[in-house]
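Ligands are counted one by one from 1 in listed order, and the atoms in each one are counted from 1 as well. None of the values given here were measured: they were computed from a predicted structure.
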Amino acid sequence: MDNAASTPVHEKVVEEMIPFFKEQYGNPSSIHKYGRLANLAIQNARKRIADMINADSNEILLTSGGTESNNTAIYGIAYQSKGKHVITSSIEHDAILEPCKRLEKEGCRISYLPVDKYGLVNPENLKNEISDETCLITIMYANNEVGTIQPIKEIARIAQKNKIPFHTDAVQAVGKTTIDVREIGVDLLSISSHKINGPKGVGALYIRNGIKISPLILGGGQERGLRSGTENVANIVGFGMACKLAKDSMTDNIAHYKKLTTKLVSRIINEISCTTLNGHPDKRIPNNTHFTFLGVSGEDLIIKLDESKIAASTGSACSVRVQKASHVLKAMGFSHEQITGSLRLTVGIINSEEEIDKTVDVLKQVVQELRVVSPYKSKYNF
Ligand SMILES: *Cc1c(COP(=O)(O)O)cnc(C)c1O
């Protein structure tokens, strides 16, 4: 129940990758047959990645994942622009916020747009922040903690009107909603393979034709000079297959996610008192649910669920290690108590309805156990 953190590699993806560890091990830059075959495999994968978001192959920069794609977009644009101002939101993934912090140290001004209680950015606030100095707008497509989908087309239109490059971190949105880069009017878009049943350590940055970025990694000139280094062929091939599968089965997958999350939400809200669903009621990715169980700690819930072999999360897998309160929930105006009692459950293609029922049954039990000893017991009368 933690598919927003990662997903298993699809069997068909594994099959597609194996030859590239064995007989087809050539360096894609080599002139001989082994090299040419590896190069061809990358071209095919690039086409599959591009097709998933309606881009051209030559607009796909292959990276090591969502984090590198975000870093490349931010530094790549900022380092070749005259402007010294970036606009982002207060609920971004750390792979956006940390590069922004570094730019800030280097003298760039960063505006962090606020969000409402659902985690939505108001496009009017974006308009008000734009200045002559603004060189980049980066706002995520769907939030990784609460699942809220931003008014991305409206944001893109504002950026376009003001001739400012617009980047979106679409890592959580890919495969969960149709993404058409032409229709949105976005200039740069980040994707990660391991969130869509592909291997870890590979991803892509869509860079619209005509947008110039400054490379971060220099060397042999691979990826048209934008990211040097011998390509991770097997991973790229796997990522390509994961994109093809995600595109071909998107309608079925979304129906599956909706069936599971609808059941999960309705059972939890109806059967466990003093519980709320966080994020937007309908502007959300179909596989995400995020709850607050008043009077208990989300971390205690994770440990208890883990004892029953159920994997859950309080939010971002990346910030759990440093044990800080969610900046996303803070930005949404949540109290310390609400933040503490939060739990994220995200489904994937691997999950079944039986697993949903088991999760709710276990959750009911452990929430009740924890509430009996909760210091808030008398406050809520659970
Ligand atoms: C997972 C995630 C990332 C990081 O992607 P990696 O491929 O793990 O580096 C970035 N942004 C969001 C919204 C994510 O969910």
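Heavy-atom proximity to V171, at under 4.0 Å, picks out these atoms of ligand 1: 1 (C), 2 (C), 10 (C), 11 (N), 12 (C), 14 (C), 15 (O). The atoms of ligand 1 that sit less than 4.0 Å from any heavy atom of G65 are 7 (O). Taking every heavy atom of H194 and a limit of under 4.0 angstrom, the matching atoms of ligand 1 come to 6 (P), 7 (O), 8 (O). Contact atoms of ligand 1 toward T67: 4 (C), 5 (O), 6 (P), 9 (O) (distance under 4.0 Å to a heavy atom of the residue). Ligand-side atoms of ligand 1 in range of K195: 1 (C), 2 (C), 3 (C), 14 (C), 15 (O), range being under 4.0 angstrom from any heavy atom.
The shortest N or O to N or O distance between N144 and ligand 1 is not under 3.5 Å. Ligand 1 has a nitrogen or oxygen under 3.5 angstrom from a nitrogen or oxygen of G66. Checked by distance only, ligand 1 and D169 come closer than 3.5 Å through their nitrogen or oxygen atoms.
By the 4.0 Å N-to-carboxylate-O rule, K263 lies close enough to D357 to be salt-bridged with it. A salt bridge does not link R109 with E133: every distance from a Lys NZ or Arg NE/NH1/NH2 to an Asp or Glu carboxylate oxygen is 4.0 Å or more.
Formation of a donor-acceptor pair under 3.5 Å by the S297 side chain with backbone atoms of D300 is found in this model.
Judged purely by distance below 3.5 Å, without hydrogens or angles, the side chains of H290 and N278 pair a donor atom with an acceptor atom. Using modelled atom types and a 3.5 Å distance limit, the side chains of H167 and S190 yield a donor-acceptor pair.
By the 30° and 60° cut-offs, the orientation of the rings of Y75 relative to Y79 is parallel.
Residue-level proximity to ligand 1 for K200 is absent, since no heavy atom of it falls below 4.0 angstrom. Heavy atoms of E68 found under 4.0 angstrom from ligand 1: none, in either backbone or side chain.
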* Verdict with supporting geometry, D56 and R182, salt bridge (Lys or Arg N to Asp or Glu O under 4.0 Å) -> CA-CA 10 Å; D56 284 337; R182 305 260 171 261; 3.8 Å; yes
